Amino acid sequence: MAGTFPAFAEQHSMSGPFVDSSAMETTADLRASRLIGMSVYSTEEEVGDEGMVDAGDNWERIGEINDVILSRSGDMEAVLLDIGGFLGIGERTVAVNLSDLKLVSDTDAAGDFFVVVTSNRETLENAPEFDTDLIGAWNSAERSSENPSDMAEKTTEKTAAAVEGAATEAGENAEGAVVATGAALNEAGDEVAEAGDEVAESAEAAGQEMEQEANEMAVETDTEMAAETDGEIVDGMTYSPEGYMAVDATTMTAEQIDGAAVYDGRDERVGEISEVIVSEDGKISNVILDVGGFLGIGEKHVSMPFDQLNLQQEDGGDDLRVYVSATKEELEGMQDYEK
């Protein structure tokens, strides 16, 4: 177990984006929440694959795991460690790569392990402090995420500009061809000039027609994206409720995703995210949705790939919603994921 994080096998469900837990390699999975708060040891010696009953004699406890930073695509950016200090005083937060952490099996307790980093005291003391204010930049006014209707409007403007430019260039090219031909053929100059004017007019007319079609397409896109559900089933992967904006989370933590409310294709709340599962390569592979039930009784646990989620952030607020392309009935009909 030393040296790597357990792998989460990629699975495909027979029912849409959902994963059948019976086909998963559950003994090789690791929940990201399992890492939070674990003690971290430092040693200058290389750590082997052999398990340990107790921490090594040359190991020094340097702190604990504070959080795991994830990108919007599910890549694990870094692991945050709180090191140094006493009773929280003088502590500072540093970041390490996932590949630099070693997991060493605790042979005295099945399922437990030690987290070890190969380093020396001088390196630790000189490690740069991590700026935690950079986490969650997608929730700021400068985030690159835009409302779908705004994106469609900008797409329309770009398309219209491109069409206009193409029409102008076509007209200029045609006019240039006419002038060159007129100079070479003096006697037929008038006829050639007239033909050039006709070409320019045709190019301009074609450009105007293309611009009109592009505008009509953009209006239809705006209308579809801005339409309310009115109880109708919508595409959960593109739907954006009023007052919310699509999240462009270039850096997200497992803690920010954990506990987020889940909505179905009718814009109805059906549950919440209870677990975030990370694969060996540091990506979020799946999340566990708790669906239905009352006060935790009768809830169903459903596994879903992370890339099948649509995250929406309240405009100017903190509420984070997760949309799925399925109804509550479809979710409850899936096979229960055994935690």
Side-chain angles (χ1 to χ4, degrees), residues 8 10-21 24 29 31-34 36 68 70-74 136 138-139 145 147-148 225 227-249 252-279 283-315 317-339:
F8 183 94
E10 181 180 0
Q11 302 291 334
H12 297 282
S13 171
M14 295 299 292
S15 300
F18 306 104
V19 174
D20 185 350
S21 61
M24 293 170 52
D29 297 335
R31 294 174 178 170
S33 57
R34 177 72 173 83
I36 308 301
V68 176
L70 308 169
S71 70
R72 177 70 177 89
S73 62
W138 53 269
N139 196 30
S145 173
N147 187 287
M225 289 183 172
E228 297 293 337
T229 62
D230 292 330
E232 301 271 336
I233 298 177
V234 300
D235 183 0
M237 291 303 295
T238 60
Y239 177 63
S240 182
E242 184 177 358
Y244 284 75
M245 301 177 68
V247 172
D248 180 16
M252 293 185 66
T253 67
E255 184 178 5
Q256 288 172 312
I257 301 172
D258 192 14
V262 179
Y263 289 77
D264 67 3
R266 293 194 178 97
D267 201 15
E268 297 177 355
R269 176 166 177 160
V270 296
E272 64 182 23
I273 294 179
S274 63
E275 295 290 345
V276 178
I277 299 179
V278 178
S279 64
K283 295 184 178 181
I284 301 180
S285 55
N286 286 66
V287 296
I288 307 303
L289 313 182
D290 289 351
V291 181
F294 179 70
L295 297 179
I297 301 175
E299 280 186 338
K300 181 160 192 153
H301 311 297
V302 178
S303 177
M304 178 176 288
F306 182 69
D307 60 6
Q308 296 296 320
L309 305 181
N310 172 17
L311 278 67
Q312 295 285 328
Q313 175 75 25
E314 182 181 11
D315 190 8
D318 297 326
D319 185 38
L320 179 65
R321 293 186 178 185
V322 176
Y323 282 85
V324 296
S325 294
T327 64
K328 180 179 180 180
E329 293 77 12
E330 290 173 333
L331 291 171
E332 291 179 339
M334 301 306 301
Q335 182 172 348
D336 198 2
Y337 174 83
E338 297 182 3
K339 289 189 176 183

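On a predicted model such as this, the values are computed, not experimentally measured, just so you know. One is the number of the first residue; the rest follow in order along the sequence. Hydrogens, waters and symmetry mates play no part in the numbers below; they use all other heavy atoms, side chains included.
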Least distance between heavy atoms, Asp318 atom then Glu314 atom: N-OE1, 3.8 Å

Trace of the side chain to side chain contact (heavy atoms under 4.5 Å, CB included) decision for Asn310 with Val322: CA-CA 6 Å; Asn310 172 17; Val322 176; over 6 Å; no

Reported CG-to-OH distance for the pair Asp267 and Tyr323, which is rounded to 0.5 angstrom: 3.5 Å

Donor-acceptor contact below 3.5 Å, side chain Thr327 vs main chain Leu331: no

Step-by-step side chain to side chain contact (heavy atoms under 4.5 Å, CB included) determination, Glu272 to Leu289: CA-CA 6 Å; Glu272 64 182 23; Leu289 313 182; over 6 Å; no

Nearest-0.5 Å distance, CG of residue Asp264 to CZ of residue Arg269: 12.0 Å

Distance-minimising heavy-atom pair for Phe306 and Val287: CD1-CG1, 4.2 Å

Donor-acceptor contact below 3.5 Å, side chain Glu330 vs main chain Met334: no

Contact summary for Leu320 and Val247, nearest pair of heavy atoms: CD1-CG2, 3.9 Å

Ion pair Arg34/Glu275, N-O distance below 4.0 Å: no

CG on Leu309 to CD1 on Ile273, rounded to 0.5 Å: 5.5 Å

Trace of the side chain to side chain contact (heavy atoms under 4.5 Å, CB included) decision for Asp290 with Val262: CA-CA 9 Å; Asp290 289 351; Val262 179; over 6 Å; no

From OG (Ser274) to CD1 (Ile288), nearest 0.5 Å: 6.5 Å

Pairwise distance CD(Glu242) to CG(Asp315) - rounded to 0.5 angstrom: 11.0 Å

Atom of Lys328, atom of Val270 and distance for their closest heavy-atom approach: CB-CG1, 3.5 Å

Atom pair CZ (Arg321) and OH (Tyr263), whose distance is rounded to the nearest 0.5 Å: 3.5 Å

Short side-chain to backbone donor-acceptor contact, Asp336 and Lys300, under 3.5 Å: no

Side-chain donor/acceptor of Lys283 to backbone N/O of Leu70, under 3.5 Å: no

Donor-acceptor pair, side chain of Gln312 and main chain of Tyr239, under 3.5 angstrom: yes

Check against side chain to side chain contact (heavy atoms under 4.5 Å, CB included), Tyr244 and Asp319: CA-CA 9 Å; Tyr244 284 75; Asp319 185 38; 2.5 Å; yes

